[in-house]
Amino acid sequence: MLSLNMKTLPRKFYSRNTIDVAISLLGCHFISRVDGRKLGGMIVETEVYRGQDDPACHAFGGRTPRNAIMYGDPGFLYVYFTYGNHFMLNVVTERHGFPAAVLLRALEPIYDIEEMARRRNTPDILNISSGPGKLARALGITTKHYGVDLTKPQIYIEGPSAQHHHILASPRIGVGDRGAEKLWRFFIADNPHVSKGSRLNREQCYELSAARKMSFTAENFK
DNA sequence: CTCTGGATTAGCT
DNA sequence: GCTAATCCAGAGC
């Protein structure tokens, strides 16, 4: 299952269209060594937040102190705090000056599962990192790690995935009507670690080929 | 300064 | 399925 030849993803990996990055990240390994332990797992669910025209993106409406990292170089960590409890992990994408990022929504635990389970206070492996707030907690990542360089050895992603995954797309979760027409959530079909927070019926999920076609319309890239 | 709502989760009905 | 928890960023004054 683990592929050989996994290497830390270079900055160039992140310096592409955010949709390509979000899809390419599925199957890669996200690793955190923030407390001297190697924690992490396989990325199984991602979402795209792209540009000042995307009403669900934190950069909608322009630059602020919080979203500043999204305007910088790709390959850095954007962490923010929400709902009074949860940290969200994003990786900055695209070129300097264009605000965009991929939200990591779920991991399949691989490294030091016992420690991650402890941090999450659950014995259930399916509950360790099957949601964006859950995985940040399991990995020990907080806003202290805002701006960490993902090409350095503290927090990084290894790839590429050698597996052939069946990937599906759907609308993003938790954004309400803001950009609801965009199919910018991507996940590995049938992986039990994909988040269950918002159960989507089959009609709301699309094969990757169809979703990509819709995502790359002029409407989304004007 | 004050107010509003959130890229969620856990726990209960 | 429903909602309280919990606190900060951003907007408005």
Side-chain angles (χ1 to χ4, degrees), chain A residues 14 18-19 21-23 25-26 30 41 43-72 74 76-94 98-107 109 116-147 150 157 168-187 192-201 204-205 211 215 220:
Chain A
Y14 303 100
T18 310
I19 292 167
V21 177
I23 294 166
L25 281 172
L26 296 174
F30 187 90
I43 299 169
V44 299
E45 180 180 355
T46 57
E47 277 178 359
V48 168
Y49 290 88
R50 184 179 187 278
Q52 298 188 160
D53 297 327
D54 171 8
C57 180
H58 284 174
F60 183 70
R63 187 191 284 252
T64 66
R66 182 174 67 164
N67 68 28
I69 193 79
M70 295 177 82
Y71 287 80
F76 290 81
L77 198 58
Y78 169 40
V79 185
Y80 69 91
F81 182 71
T82 192
Y83 290 108
N85 287 295
H86 308 292
F87 297 101
M88 302 285 129
L89 271 56
N90 302 255
V91 301
V92 175
T93 57
E94 312 224 10
F98 186 91
V102 173
L103 170 69
L104 302 183
R105 287 195 55 91
L107 303 181
M116 290 194 287
R118 193 172 308 132
R119 289 166 185 248
R120 284 275 301 121
N121 196 28
T122 177
D124 180 4
I125 191 170
L126 292 178
N127 195 28
I128 291 174
S129 48
S130 52
K134 296 177 184 180
L135 74 88
R137 178 81 178 195
L139 295 169
I141 296 175
T142 70
T143 43
K144 281 186 297 196
H145 307 286
Y146 180 99
L150 295 168
I157 305 177
L168 295 178
S170 82
R172 293 170 292 184
I173 291 176
V175 300
D177 294 333
R178 314 189 319 262
E181 78 289 354
K182 299 180 191 305
L183 302 175
W184 281 1
R185 170 176 176 253
F186 301 98
F187 60 99
H193 301 272
V194 169
S195 73
K196 297 151 195 77
S198 173
R199 282 216 159 135
L200 295 162
N201 56 45
Q204 296 173 275
C205 297
S215 292
N220 287 328

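Note that the structure is predicted; figures quoted are calculated from it, not measured. Residue numbers begin at 1 in each chain, while the letters A, B, ... track the order of the sequences.
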Indicate yes or no: at least one non-hydrogen side-chain atom of [X] is less than 4.5 angstrom from one of [Y].
X: A/Asp54; Y: A/Arg172; answer: yes
X: A/Phe187; Y: A/Cys205; answer: yes
X: A/His193; Y: A/Leu135; answer: no
X: A/Asn67; Y: A/Tyr49; answer: no
X: A/Asn90; Y: A/Leu77; answer: no
X: A/Cys57; Y: A/Met70; answer: yes

[X] [atom1] to [N] [atom2], straight-line distance once rounded to whole Å:
X: A/Ile128; N: B/dA10; atom1: CD1; atom2: P; answer: 12 Å
X: A/Trp184; N: B/dA7; atom1: CH2; atom2: P; answer: 15 Å
X: A/Asn85; N: B/dA7; atom1: CG; atom2: C1'; answer: 15 Å
X: A/Tyr146; N: B/dA7; atom1: OH; atom2: P; answer: 15 Å
X: A/Leu103; N: B/dA7; atom1: CG; atom2: P; answer: 10 Å
X: A/Glu47; N: B/dA7; atom1: CD; atom2: P; answer: 10 Å
X: A/Leu126; N: B/dT9; atom1: CG; atom2: P; answer: 15 Å
X: A/Asn90; N: B/dG6; atom1: CG; atom2: C1'; answer: 14 Å

Please determine if a side-chain N or O atom of [X] lies less than 4.0 Å away from the OP1 or OP2 oxygen of [N].
X: A/His58; N: B/dA7; result: yes
X: A/Arg178; N: B/dA7; result: yes
X: A/Arg137; N: B/dT8; result: no

Classify [X] by what it touches in the nucleic acid, base, sugar-phosphate, or nothing, heavy-atom distance under 4.0 Å.
X: A/Phe81; answer: sugar-phosphate
X: A/Arg172; answer: nothing
X: A/Arg63; answer: nothing

Answer for the Watson-Crick or wobble partner of B/dT9, both distances under 3.5 Å, is C/dA4
If pairing means Watson-Crick or G-U wobble with both distances under 3.5 Å, then the partner of C/dG12 is B/dC1
Between the protein and nucleotides 11-13 of chain B, list every N/O to N/O distance that falls short of 3.5 Å.
none

Contacted region of DNA chain C by chain A, from 5' end to 3' end of the hits, cut-off under 4.0 Å to heavy atoms, spans C/dA5 to C/dG10
Review point. Any sub-3.5 Å donor-acceptor pair from A/Tyr14's side-chain atoms to A/Val91's backbone N or O?
Key: no
Please confirm whether the backbone N or O of A/Glu45 pairs with a side-chain atom of A/Arg105, one donor and one acceptor, at under 3.5 Å?
no
Closest non-hydrogen contact found for A/Phe60 with A/Asp53 is CD1-C, 4.1 Å
Heavy-atom nearest nucleotide on DNA chain B taken for A/Val175 and for A/Arg120; more 5' hit belongs to A/Val175
Take atom CG in A/Asp124; do more than 12 heavy atoms of anything else shown fall under 6.0 Å from it?
yes
Original post:
Taking the C1' atom of each, how far is B/dG5 from C/dT3, in whole Å?
Top reply: 15 Å
